[in-house]
Amino acid sequence: MRAVDLIQKKRDGGVLTAKELTFLVDGYCDGGIPDYQMSAWAMAVLFRGMTPQETASLTLAMANSGDQVDLAPIAGIKVDKHSTGGVGDKTTLIIAPLVASVGVPVAKMSGRGLGHTGGTIDKLESIAGFQTELSREKFLEQVNEIGLSVIGQSGNLAPADKKLYALRDVTATVESIPLIASSVMSKKIAAGADAIVLDVKTGSGAFMKTVEDSEKLAQAMVEIGTQVGRQTAAVISDMDQPLGFAIGNALEVREAIETLRGRGPADLTELCLTLGAHMVVLGGHAENVAEAKELLRQQLNNGQALEKFKQFIAAQGGDATVAEDVTLLPQAAEQVEVKALAAGFVSAIDAEQLGIAAMLLGAGRATKEALIDYSVGIMIGKKVGDPVSEGETLVVLHTKAQDIAVEEVAAKIQSAYSITAEKPAERPLLLSVVT
Ligand code: URA
């Protein structure tokens, strides 16, 4: 088999077999196929697309390129959850203990943040003592004991995807739905869960800017799941503004704790209940989504979800008293208000720009090696639809003393807010479900 023939076949609209796709993936991983051939193939895919069968074969080839996590020692149906990335998205911190509190085992690997989106692992590490690296034995044992563990993603999970994603990033081939779908699903499949719930974001702060594209991506991922025998459901949710009010690691943990107490922001609570309900149904703990949602709502209100969060934090060496006293979380030295430049209604908030603003304050990483400051971030005061008068506070920055970035950040936030005379039409948070 020769790579050039497979590139030509795809260029001319042909369909590659599982064997051919495995040849490309394995060859690229071991260095036999160079970057220039793989990028030519990725460009051919971008223009020609792939059939569902090809997409599933590519996914499996990438999932098989590194470690395969075996969750068989954990009893019950293991359900994973994945978000396509958002700003202020702290859903894992809430959903993992919430669904574990009704008996769905959660054995989850999460990532760190890069650029304008935060990572669950960084958020958890803002809790003093919390360990995100556990041995395989300890990870499995903890899930069997308390129903829940979240650890950092193994460096060798789907390495073919890592290499191909980096190549796509610099060859203008990221925006291919089959390539995105196989990239996401290869990591989920290698991580070992029996069923997967996907939170596909749409809007200014998301990868997919339109609902139509988000639905196509959701369909492609659900189809892969079906083809490889992992039940998959996808919820499409709005990311036209950040989720909840907090952006920044410790600030997001604080908001997650409030939500686990049943006192969280409405949008965040609703999304967590919906994603969690799909997990509970796939995990076999409820007949339907409405029943599961009600069950989870009770767990937020009766303290059981928060109790599970405390057990989880303590089991991984963290200071679980933060759940009772959020002032024990890292706190920034200064708070600076950013004011509205005009009066009217907030009609849009560019979530990506707010994510970048939080990163500039030190909450995120501009490069993989950058250190983050857990205490800093942004608390949003005005969300889409809120009335605002000139000079009123839009957000509060939590910053280091004398942070030189503050002026630049404040200007960025002011331009991320669109303020109009008319109140904008309400945009629903939950747009559709693909199963
Ligand atoms: N996220 C991924 O993991 N892969 C992509 O291709 C795009 C977003």
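As the structure lists them, so they are numbered: ligands from 1, and atoms in each ligand from 1.
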For Ser214 and Thr202, test the side chains for any donor-to-acceptor distance below 3.5 angstrom and give the result as yes or no. yes

Is there a donor in the side chain of Ser57 and an acceptor in the side chain of Lys19, or the other way round, less than 3.5 Å apart?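 No pair is found: no donor N or O on one side chain lies under 3.5 Å from an acceptor on the other.
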
Polar-atom distance check: Arg168 versus ligand 1, any N or O pair below 3.5 Å? yes

What's the verdict on side chain to side chain contact (heavy atoms under 4.5 Å, CB included) for Leu306 and Leu300, showing C-alpha distance, side-chain angles and the deciding distance? CA-CA 7 Å; Leu306 188 69; Leu300 292 183; over 6 Å; no

What protein heavy atom lies closest to [atom]? Include the residue and the distance to one decimal.
atom: atom 4 (N) of ligand 1; answer: Ser183 OG, 2.6 Å
atom: atom 3 (O) of ligand 1; answer: Lys187 NZ, 2.5 Å
atom: atom 7 (C) of ligand 1; answer: Tyr165 OH, 3.3 Å

Looking at Phe312 versus Phe130, is the centre-to-centre ring distance below 6.0 Å? yes

Ligand 1 contacted by Val174 (non-hydrogen, < 4.0 Å): no

If I take atom NE2 from residue His278 and atom CG from residue Leu198, how far apart are they, to the nearest 0.5 angstrom?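 Nearest 0.5 Å value for the NE2-CG distance: 11.0 Å.
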
